Amino acid sequence: VTGGGDKTVRLWQQPPSGGYGMPTQLLKVDVKCVPLDIMDVMLSEKFILGSNLGNLVEVALQVDKNMPSHRHPRTLLSGHSGSISVVAAHPTKRIIATTSNDKTVRIWDVEQHKLIAMARLTHRGLCADWSASGKLLAIGLANAILVVLKVTRSGKKLEIAFEKSL
């Protein structure tokens with residue numbers, strides 16, 4: 001899955017295993033925003049993208065006779081005041097973390113469509129990922145600082161566990 005400045009998301013199929021060549025475009029979806037980061041949702045037939053409008057957009061796929069189609073994209077969550085640069089799925093729960101140009105990290109409940117927690121960052125986040133246990137969230141900041149946040153079981157509290165200049 002790729003996204004671009006033309007406000008579309010494209011689903012591609014890789015060449016047959018062992019083969020070389022360009023992937024084949026299977027689907028093009030007009031999402032009406034610039035997708036900046038895309039993640040799949042727990043290996044389902046959905047994906048969520050962070051947009052230049054500060055919201056999360058969900059695209060649900062339908063696979064029929066090996067050809068995918070899609071339902072209309074829908075805004076899933078809003079709250080950031082800047083472009084969402086990172087969307088990171090929790091390894092075991094239906095929550096995601098996002099970072100934005102508004103210099104915040106936010107934890108969202110995908111099923112209940114609500115914000116669980118938010119923390120201010122010193123600079124915008126460029127990358128983020130959860131630990132395998134889901135207890136820690138590592139964020140790479142634009143000023144070359146790595147911040148690791150400890151996340152409570154409920155996901156409602158974020159504390160700095162570690163910070164290091166890279």
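Note that the numbering runs from 1 along the sequence shown for the chain. Bear in mind the structure is a predicted one, so any value in this text is a computation, not a measurement.
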Interatomic spacing from CH2 in W108 to CG in L115 - rounded to 0.5 Å:
5.0 Å
Pick one: which of V151, T92, I96 meets side-chain contact (heavy atoms from CB on, under 4.5 Å) with W130?
V151
Spacing of OG belonging to S85 relative to CG belonging to D102, to within rounding of 0.5 Å:
9.0 Å
Contact check, side chains of V105 and L137, non-hydrogen atoms, under 4.5 Å
yes
Test I95 against I116 for side chain to side chain contact (heavy atoms under 4.5 Å, CB included), laying out the working first.
CA-CA 9 Å; I95 62 174; I116 299 172; 3.7 Å; yes
Closest non-hydrogen contact found for P91 with S133 is CG-C, 4.3 Å
Is the shortest heavy-atom distance from the side chain of T98 to the side chain of V86 under 4.5 Å?
no
Check: T75 and L56 side chains under 4.5 Å, non-hydrogen atoms
no
Working to the nearest 0.5 angstrom, can you tell me the gap between K135 NZ and L149 CG?
16.0 Å
Could you walk me through whether I145 and L166 pass the side chain to side chain contact (heavy atoms under 4.5 Å, CB included) test, one step at a time?
CA-CA 6 Å; I145 299 281; L166 301 176; over 6 Å; no
Supply the atom-to-atom distance D109 CG to H90 NE2, rounded to the nearest 0.5 angstrom.
11.5 Å
Quick check: closest heavy atoms across R106 and G79, and the distance to 0.1 Å?
NH1-O, 3.4 Å
Give, for atom OG1 of T152 and atom CG of L158, the distance between the pair rounded to the nearest 0.5 Å.
7.0 Å
Can you give me the closest heavy-atom contact between I107 and A97, atom names plus distance?
CD1-CB, 3.8 Å
In the structure I gave you, are the side-chain heavy atoms of R124 and T99 within less than 4.5 Å of one another anywhere?
no
Distance in Å, L53 CG paired with S83 OG, rounded so as to fall on 0.5 Å steps
7.5 Å
Stepwise side chain to side chain contact (heavy atoms under 4.5 Å, CB included) check, L141 with T122
CA-CA 8 Å; L141 302 181; T122 58; 3.6 Å; yes
Listed partners of K164 passing side chain to side chain donor-acceptor pair (under 3.5 Å), at least two apart:
none
L49 versus V87: any side-chain heavy-atom pair under 4.5 Å?
no
Taking N55's backbone N and O only, do any of them form a donor-acceptor pair with S51's side chain (distance below 3.5 Å, no angle check)?
yes
Could you go through L76 and H113, starting from their C-alpha distance and side-chain angles, then the distance that decides it, and tell me whether this counts as side chain to side chain contact (heavy atoms under 4.5 Å, CB included)?
CA-CA 7 Å; L76 190 63; H113 303 262; 2.9 Å; yes
Any side-chain heavy atom of I48 sitting closer than 4.5 Å to one from V57?
no
With hydrophobic residues grouped by side-chain heavy-atom distances under 4.5 Å, do L136 and L146 end up in a single group?
yes
